[in-house]
K.L.:
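So that we are looking at the same thing, I have put the structure below in structure tokens.
The shown structure was predicted, so the numbers you read here are calculated from the model rather than taken from an experiment.
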Amino acid sequence: MAELRIQALGKRFGADAQVVKDIDLTVASGEFMVLVGPSGCGKSTTLRMIAGLEDPSEGQIFIDGVDVTDCAPAARGVAMVFQSYALYPHMTVAQNMGFGLRMTGVPAAEVETRVQRAAQSLQLQALLQRRPRELSGGQRQRVAIGRAIVREPKIFLFDEPLSNLDASLRTQMRAELAQLHKRLNATIIYVTHDQVEAMTLGDRIAIFNAGRIEQVGTPMELYERPCNRFVAGFLGSPRMNFLPVAVAEGLMPLAPQGTVTVGLRPEHLRWTASEAPDGPGIEANVQRVEHLGDVALVHCLVSGAEEPVIVKSALAPRELPAVNQWLWLQIDADRVLLFASDGGLLKR
């Protein structure tokens, strides 16, 4: 394991297309760092520059204090696991895992030892003589991870490795990756667009947007204390609700333009029948109710809101409101976020 430090890293494709802009990031030795953001935000390009598969347009990359910006990929001490398994179909699992070592001249006995050790870590011992066509998607991805493990790299790089798996396999593989990190105590940089993966796997998360890092922090720091509206809206399922609100005259220093946006997570709202409101709140009309078993999502129209407001309700199905019913939405005032017109956080 090793520390990674990125300093003022940037990448341009042509004169006008700057896809990564002035990235500064330090990943501690043994840390699981997740790079997350929407498609095209620069997270995979950043990972490829760390791996040496893309040349930076500016900036530096340090591994354990050594500048590797201009080093060949093989000299950096990193191993990458891609979205595609990229296994050789004619080779067995053991041969696939040991191929890279054999190509670099590692003695056969050492290759065998490393393959067996990685297979044990990934519970692949019974599959070593099978070929890729005889494996499930989850097993193939474990083989691809095993191929990286046998190299004994300083840093593991994962580029959306679970995106080709179905939902149940993704859940299983997330648990396996978390356990693997604990066993290896490895430094891992993991790219994904899936916020659930980011929240469940990362020791810390770096949220990318339009080529820049918006915020870095632990999953709960980002969820509870987002630095701006983009971060607040990106993390959380279902998404955060945003409502424009006029600012009272006495509070104009807070927002000179006279309006702010209130951010409310669905779990911080509750509803009562509008005929008997219990305290201050917002009147809303039910448009749709989604039953999710233990909870339900109530989608409501609220005056002034650009999109339906979502309320996450734990009530039993028989107690849920009907479509077109009018409700009174009450707010947990201690959990309200206020955002300025430019998206910056004003107050928690």
Side-chain angles (χ1 to χ4, degrees), residues 4 6 9 11 13 19-21 23 25 27 31-54 56 61 73 76 78-87 96-97 100 122 132 135-149 151 153 155-181 184 186-216 219 222 230-231 233-237 239:
L4 171 74
I6 300 170
L9 197 66
K11 179 65 178 180
F13 292 103
V19 296
V20 175
K21 307 168 187 176
I23 297 294
L25 182 66
V27 182
E31 185 176 22
F32 198 130
M33 172 66 75
V34 178
L35 313 184
V36 67
S39 296
C41 67
K43 57 189 185 296
S44 288
T45 301
T46 298
L47 194 76
R48 291 176 63 83
M49 286 192 284
I50 296 169
L53 303 178
E54 294 280 358
I61 301 167
R76 298 186 180 209
V78 301
M80 193 160 179
V81 179
F82 296 91
Q83 178 178 343
S84 170
Y85 315 129
L87 302 178
N96 267 284
M97 290 172 62
L122 294 165
L135 305 176
S136 69
Q139 289 168 338
R140 293 178 189 179
Q141 192 56 276
R142 275 189 281 163
V143 174
I145 295 171
R147 184 173 52 194
I149 289 175
R151 293 183 55 190
I155 298 174
F156 288 89
L157 308 175
F158 289 85
D159 190 8
E160 304 205 46
L162 308 186
S163 59
N164 287 335
L165 306 180
D166 60 36
S168 62
L169 271 177
R170 283 200 302 271
T171 300
Q172 176 187 337
M173 285 300 300
R174 283 202 306 268
E176 292 182 4
L177 282 171
Q179 292 169 2
L180 179 67
H181 177 240
L184 298 179
T187 304
I188 295 177
I189 320 295
Y190 187 102
V191 162
T192 182
H193 65 275
D194 186 330
Q195 56 152 313
V196 175
E197 286 183 21
M199 294 289 287
T200 55
L201 286 174
D203 295 326
R204 288 192 302 152
I205 301 170
I207 298 189
F208 278 64
N209 179 33
R212 300 184 184 276
I213 292 180
E214 296 281 354
Q215 189 174 0
V216 181
L222 299 183
F230 175 83
V231 175
F234 187 81
L235 289 182
S237 181
R239 58 167 176 77

K.L.:
Would you say the side-chain atoms of Q215 pair up with the backbone N or O of I207, donor to acceptor, closer than 3.5 Å?
P.N.:
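A pair under 3.5 Å: no.
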K.L.:
So, taking the atom named CG in L201 and the one named CG in L162, what distance separates them when rounded to the nearest 0.5 Å?
P.N.:
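If I round to the nearest 0.5 Å, the distance is 7.5 Å.
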K.L.:
Report the C-alpha distance between E160 and V191 in whole Å, list the side-chain angles of each, state the deciding distance to 0.1 Å, and finish with yes or no for side-chain contact (heavy atoms from CB on, under 4.5 Å).
P.N.:
CA-CA 5 Å; E160 304 205 46; V191 162; 4.0 Å; yes
K.L.:
Could you report the tightest heavy-atom contact between R147 and L87, atom names first, then the distance?
P.N.:
NH1-CD2, 3.7 Å
K.L.:
Roughly how far, to the nearest 0.5 Å, is OG1 of T45 from CG of D159?
P.N.:
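The CG atom of D159 sits 9.0 Å away from the OG1 atom of T45.
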K.L.:
Tell me yes or no: between the side chains of D166 and S168, is some donor less than 3.5 Å from an acceptor?
P.N.:
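Result is yes, a qualifying pair exists.
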K.L.:
Kindly give the heavy-atom pair with the smallest separation between L25 and L35, and that separation in Å.
P.N.:
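Distance-wise, the nearest heavy atoms are CD2-CD2, 3.9 Å.
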K.L.:
Should the pair F32 and Y190 be assigned to parallel (<30°), tilted (30 to 60°) or perpendicular (>60°) ring geometry?
P.N.:
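F32 and Y190: tilted rings.
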K.L.:
Is M33 close to V216 at the side-chain level, that is, under 4.5 Å between some pair of heavy atoms?
P.N.:
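Counting from C-beta outward, V216 and M33 do come under 4.5 Å.
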K.L.:
Sub-3.5 Å donor-acceptor pair from the side chain of K43 to the main-chain atoms of G37, do we have one?
P.N.:
yes
K.L.:
What are the two closest non-hydrogen atoms of R140 and L135, and how far apart are they?
P.N.:
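Between these two residues, the closest heavy atoms are NE-O, 3.3 Å.
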K.L.:
Measure across A198 and T192 and return the closest heavy-atom pair with its distance rounded to 0.1 Å.
P.N.:
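Result for this residue pair: N-CG2, 4.2 Å.
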K.L.:
If you take all heavy atoms of P219 and G202, which pair is closest and at what distance?
P.N.:
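So the minimum-distance heavy-atom pair works out to CG-O, 3.4 Å.
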K.L.:
Where do L47 and M80 land on the side-chain contact (heavy atoms from CB on, under 4.5 Å) test, with the steps shown first?
P.N.:
CA-CA 9 Å; L47 194 76; M80 193 160 179; 3.6 Å; yes
K.L.:
Can you check whether V78's main-chain N or O pairs, donor with acceptor, with R151's side chain at less than 3.5 Å?
P.N.:
yes
K.L.:
Before you tell me yes or no, could you show the steps for E176 and I145 under side-chain contact (heavy atoms from CB on, under 4.5 Å), namely the whole-Å CA-CA distance, both residues' side-chain angles and the distance that decides it to 0.1 Å?
P.N.:
CA-CA 11 Å; E176 292 182 4; I145 295 171; over 6 Å; no
K.L.:
Does some side-chain heavy atom of L177 sit less than 4.5 Å from a side-chain heavy atom of I188?
P.N.:
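SC-SC contact between I188 and L177 ruled out.
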K.L.:
Mind checking what makes ring-ring contact (aromatic ring centres under 6.0 Å, His included) contact with Y85, not counting sequence neighbours?
P.N.:
none
K.L.:
Is a donor on one side and an acceptor on the other found under 3.5 Å between the side chain of R170 and the backbone of L165?
P.N.:
yes
K.L.:
For the side chain of R76 and the backbone of I50, is there at least one donor-acceptor N/O pair under 3.5 Å apart?
P.N.:
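Side chain of R76 to backbone of I50: a pair is present.
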K.L.:
One pair to check against side-chain contact (heavy atoms from CB on, under 4.5 Å): I23 and K11. What are the steps and the verdict?
P.N.:
CA-CA 10 Å; I23 297 294; K11 179 65 178 180; over 6 Å; no
K.L.:
Does Q141 use its side chain to pair, donor to acceptor, with the backbone of P161 at less than 3.5 Å?
P.N.:
yes
K.L.:
So which atom in I61 and which in M49 form the shortest heavy-atom distance, rounded to 0.1 Å?
P.N.:
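Shortest heavy-atom contact: CD1-O, 3.2 Å.
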K.L.:
Which distance, rounded to the nearest 0.5 Å, do you find between the CD of Q195 and the CZ of R239?
P.N.:
12.0 Å
K.L.:
Test of understanding: with ring-ring contact (aromatic ring centres under 6.0 Å, His included), list the residues that count as partners of F156, not counting sequence neighbours.
P.N.:
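By the ring-ring contact (aromatic ring centres under 6.0 Å, His included) rule, F156 matches no residue at all.
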K.L.:
State, yes or no, whether a side-chain contact exists between F234 and N209 at a heavy-atom distance under 4.5 Å.
P.N.:
no
K.L.:
If I take atom CD1 from residue I149 and atom CG from residue L184, how far apart are they, to the nearest 0.5 angstrom?
P.N.:
5.0 Å
K.L.:
Are the side chains of M199 and L235 in contact, using a 4.5 Å heavy-atom criterion?
P.N.:
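L235 vs M199: side chains touch.
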K.L.:
How many angstroms lie between OG in S44 and CD in Q83, if you round to the nearest 0.5 Å?
P.N.:
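One gets 8.5 Å once the value is rounded to the nearest 0.5 Å.
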K.L.:
Just verifying a value: how many Å separate C41 SG and E214 CD, rounded to the nearest 0.5 Å?
P.N.:
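So the SG of C41 and the CD of E214 are separated by 10.0 Å.
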